[in-house]
Amino acid sequence: MEKKGRKRYCSLLIMVLLIVATALPVSASEDTEMQTEIGTIRINLKDLQTENSVREGIEFGLWKVGAVDQHGTPRIDERYGIGEYPQDSQSLDAAAKGISDVLTEEGKVPDRTETTDQGGALLLDQVESGVYLLRAGEDNPYGEISPFLVQLPYWEEIEGQMEGPVYEVEAEPKASPHPVESETTDPG
């Protein structure tokens, strides 16, 4: 009888544990929540004030190249060889150029492409949290546009206080007019 009682007690205990385990609320971790947040990236091309510069129809590619953790720290994928996320504009430019070169060498197509409207504006909506490289097509009628990195979300300092997370990024990429080709005459 003693063995039968223990067996029944163990079975009852297992049932109670299963009922309690299935009744517990399921909640997402902060890390998961951060990864599923959605935001927007708005690109505005400045007027280069040259007669041959056209801002409409410029195609931009978007590649996800890293993640933003639950503490807001951006991390670029290790495969690009960048240890820490760049903290100044010169380092950001160099990192974007390096990542762009790797993507070109690997022949990676963008995760997404969009084109600018008449005023040179482009809205990428429904963008998940992460670090992204944005690059314009080289053969475009606008000018030479530097590739650039965007962190979504990001935090900004306003009057000494950190504000964020911000899920709406506005970017005006560095650009210059295409070089003017000089006409050469044949001396012959």
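Heavy-atom basis, side chains included; hydrogens, waters and symmetry copies ignored.
Residue-environment remark: CD (E106) exceeds the threshold of 12 foreign heavy atoms within 6.0 Å. Within a 6.0 Å radius of CD in Q90, other residues, nucleotides and ligands contribute 12 heavy atoms or fewer. By the 6.0 Å contact criterion, CD on E144 is enclosed, its count of non-hydrogen atoms from other residues, nucleotides or ligands being greater than 12.
Panel note: side chain T116, backbone A121; no donor-acceptor pair is recorded below 3.5 Å. In terms of modelled atom types and a separation under 3.5 Å, the side chain of E128 and the main chain of Q126 share no donor-acceptor contact. Side-chain atoms of S100 never come within 3.5 Å of backbone atoms of A96 as a donor-acceptor pair (strictly under, hydrogens ignored). For W63 (side chain) and V109 (main-chain N/O), a donor-acceptor pair under 3.5 Å exists by modelled atom type.
Atom CD1 of I41 sits about 11.5 Å away from atom CD of E168, to the nearest 0.5 Å. From E59, atom CD reaches atom CZ of R135 across 10.5 Å, with rounding to the nearest 0.5 Å. The structure places OG1 of T40 at 7.5 Å from CG of L152, a figure rounded to the nearest 0.5 Å. Rounding to the nearest 0.5 Å gives a distance of 7.0 Å between NZ of K64 and OG of S129. One finds the NZ atom of K108 at 8.5 Å from the CG atom of L103 (value rounded to the nearest 0.5 Å). The distance from atom CG of L62 to atom CG of L122, rounded to the nearest 0.5 Å, is 9.5 Å.
Linking ILVMFWY side-chain heavy atoms closer than 4.5 Å, directly or via other members, places I99 and V102 in a single hydrophobic cluster. Cluster annotation: L123 and F148 are assigned to distinct hydrophobic clusters (Ile/Leu/Val/Met/Phe/Trp/Tyr, side-chain heavy-atom contacts under 4.5 Å, transitive). Note on V54 and L45: separate hydrophobic clusters, where clusters join Ile, Leu, Val, Met, Phe, Trp and Tyr whose side-chain heavy atoms are under 4.5 Å apart, directly or indirectly.
L48 approaches G143 most closely through the heavy-atom pair CD1-CA, 4.4 Å. Across W155 and M162, no two heavy atoms sit closer than the pair CB-CE, 3.8 Å. Annotation for P177 and T50: closest pair CG-CG2, 3.7 Å, computed over non-hydrogen atoms. Here the closest heavy-atom approach between residue R55 and residue D47 is recorded as NH1-N, 3.7 Å. Between R75 and T73, the shortest heavy-atom distance links the atoms NH1-CG2, 3.6 Å. The two residues G66 and D77 come nearest to each other via the heavy atoms CA-OD1, 3.8 Å.
Every salt bridge (Lys or Arg N to Asp or Glu O under 4.0 Å) that D101 has, sequence neighbours left out, goes to K97.
The closest side-chain heavy-atom distance from V169 to V127 is not below 4.5 Å. Between D93 and K174 there is a side-chain heavy-atom pair separated by less than 4.5 Å.
Under the side-chain contact (heavy atoms from CB on, under 4.5 Å) rule, F60 has a single partner from I145, N140, T115, which is I145.
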Check against side chain to side chain contact (heavy atoms under 4.5 Å, CB included), Y80 and E78: CA-CA 5 Å; Y80 299 109; E78 292 176 3; over 6 Å; no

